Amino acid sequence: MTKQQANWSPYDNNGGSCVAIAGADYCVIAADTRMSTGYSILTREYSKICKLADKSVMASSGFQADVKALQKHLAARHLIYQHQHNKQMSCPAMAQLLSNTLYYKRFFPYYAFNVLGGLDSEGKGCVYTYDAVGSYERVGYSAQGSGSTLIMPFLDNQLKSPSPLLLPAQDAVTPLSELEAVDLVKTVFASATERDIYTGDKLEIVILNADGIRHEYMELRKD
Amino acid sequence: MATTMVKENNSGPAQLLGPESAFERTLYPYVTGTSVVALKYKDGILMAADMAASYGSTLRYKSVERMKSIGKHSLLGASGEISDFQEILRYLDELILYDNMWDDGNSLGPKEVHSYLTRVMYNRRNKFNPLWNSLVLGGVKNGQKYLGMVSMIGVNFEDNHVATGFGNHLARPILRDEWHENLSFEDGVKLLEKCMRVLLYRDRLLWFELNSIDSVNGPLV
């Protein structure tokens, strides 16, 4: 008896790119707002960015239903944390929680490619980058999603992070000012939109700093 | 494994995860409905779907209602497997019943129903036994219009106009070009008719029904 092959997949790739850049006292998180399936666009105005805590913002691309479930899960855990500890979760704590949550489903993964951005307990910008099953690393900048292969090399060129093995330890965060970083993000997405069919429509940027959270939007090519 | 017929190759009922699982899962749909198209207009939502249910290439049922009103505020349209749609209606009946039984003056709006449906579809997908439907959920509550879609694996979103199946390829471009805020009822109907005409030519639609929902009258056909 031949085993029947499945003719549906529990996964779909809804596309999109996410970027995060850490600065000395700010963090920029950005993602496009296009949601696609196959060669069709489902909607042009879907936000991939989710504010998990006062100082943690996550951007995720991949399979949208898994991303939504993951965001709900983390938001619920954060609420419980607040009830138990009477304070907001710090960004490094949220980073660990996200990693554990992803690994929990190691054998039926969340098809979500995440970057977590925020301010650590000293007020410095921090960015954590993940794969689909939870391995993560704190870095100075990162890109995930369908446009990541186009964006990451450019960020490497502009923001070259020193090796974490160097002594004395050098800061991973970029010396760029907040406005310069936002400008860099806009440039990077405009370029990715040109060549990646899943990236485009509109860019949503979230800037986290000591004063709070700010949103900016920029139109991208719609083709 | 239940086999009531003896076949040469003895393939048995189809199973997704190995021969040891004792129950069956949906592998492909049998009786299906085609596209649903919906848009927001000035006073609410307009939704259109044809009334046919096909069994492969045969048009088996010719007056199936693929759109149903849910509670006081919402309209649900479904494409895909009709039996799964009927099961979803049973789930929603129970949901609305319990909501009414609270008797607290509050009623589930389209956003809430959409959220419920998303969770149901996603959870079934997690168990590898999906409800083979693409759902369109629209409604008006307290003057707020809402229009959303859920796919069979749980992908969901909200937009000013949605379409399932072939409608995504044929009707969405027309809607993207010609939809605008504050469409009047007549203009909305004309726009939907235009979309359905394209589907008639290219997707062998037959006759269709139109449903609308607005803040004053509630669901009406």
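Each chain gets a letter, A, B and so on, in the order its sequence line appears, and its residues count up from 1. Note that this is a predicted model, so its numbers are computed, not measured.
Counting heavy atoms of neighbouring residues, nucleotides and ligands inside a 6.0 Å radius, atom CD of A:E194 exceeds 12 of them. More than 12 heavy atoms of other residues, nucleotides or ligands lie within 6.0 Å of CZ in A:R138, so this atom counts as buried by the packing criterion. More than 12 heavy atoms of other residues, nucleotides or ligands shown are found within 6.0 angstrom of CG on B:D104. In this structure, B:Y98 places its OH atom where only 12 or fewer heavy-atom neighbours from other residues, nucleotides or ligands lie under 6.0 Å away. For NZ of B:K145, the number of neighbouring non-hydrogen atoms (other residues, nucleotides, ligands) closer than 6.0 Å is greater than 12. Applying the 6.0 Å contact sphere to OH of A:Y104 captures no more than 12 heavy atoms from other residues, nucleotides or ligands. For B:K141, the NZ atom is densely surrounded, since the number of other residues' heavy atoms within 6.0 Å is greater than 12. Annotation for B:F166: atom CZ does not count as buried by contact number, only 12 or fewer foreign heavy atoms lying within 6.0 Å.
With respect to the salt-bridge test (charged N to carboxylate O, under 4.0 angstrom), the residues A:D66 and B:R125 qualify.
A donor-acceptor pair under 3.5 Å is absent between the side-chain atoms of B:R172 and the main chain of A:T43, judged by distance alone.
For A:S40, the part lying under 4.5 angstrom from a heavy atom of chain B is the side chain only. Only the side chain of A:F63 has a heavy atom closer than 4.5 Å to any heavy atom of chain B. For a residue to count as touching a neighbouring chain, one of its non-hydrogen atoms must lie under 4.5 Å from one of that chain's; by this rule B:M152 touches chain A with the side chain only. Contact of A:D12 with chain B is made through backbone and side chain together, with heavy-atom distances under 4.5 Å.
Considering every non-hydrogen atom in both A:L42 and B:F157, the closest pair reads O-CE1, 3.5 Å. The two residues A:A65 and B:I153 come nearest to each other via the heavy atoms CB-O, 3.8 Å.
Contact tally against chain A (heavy-atom pairs below 4.5 Å) for B:N126, B:N168, B:V150, B:V155: the top residue is B:V155. The greatest number of non-hydrogen atom pairs below 4.5 Å with chain B, out of A:E45, A:Q64, A:M35, is found for A:Q64.
A distance of 8.5 Å separates CZ in B:R119 from NZ in A:K68, rounded to the nearest 0.5 Å.
With contacts defined as side-chain heavy-atom distances shorter than 4.5 Å, the pair B:R176/A:K222 does not qualify. Two residues are said to be in side-chain contact when any heavy atoms from C-beta on lie closer than 4.5 Å; B:W132 and A:W8 meet this criterion.
Taking the six-membered ring where the residue is Trp, A:F108 and B:F128 present tilted rings, their angle falling between 30° and 60°.
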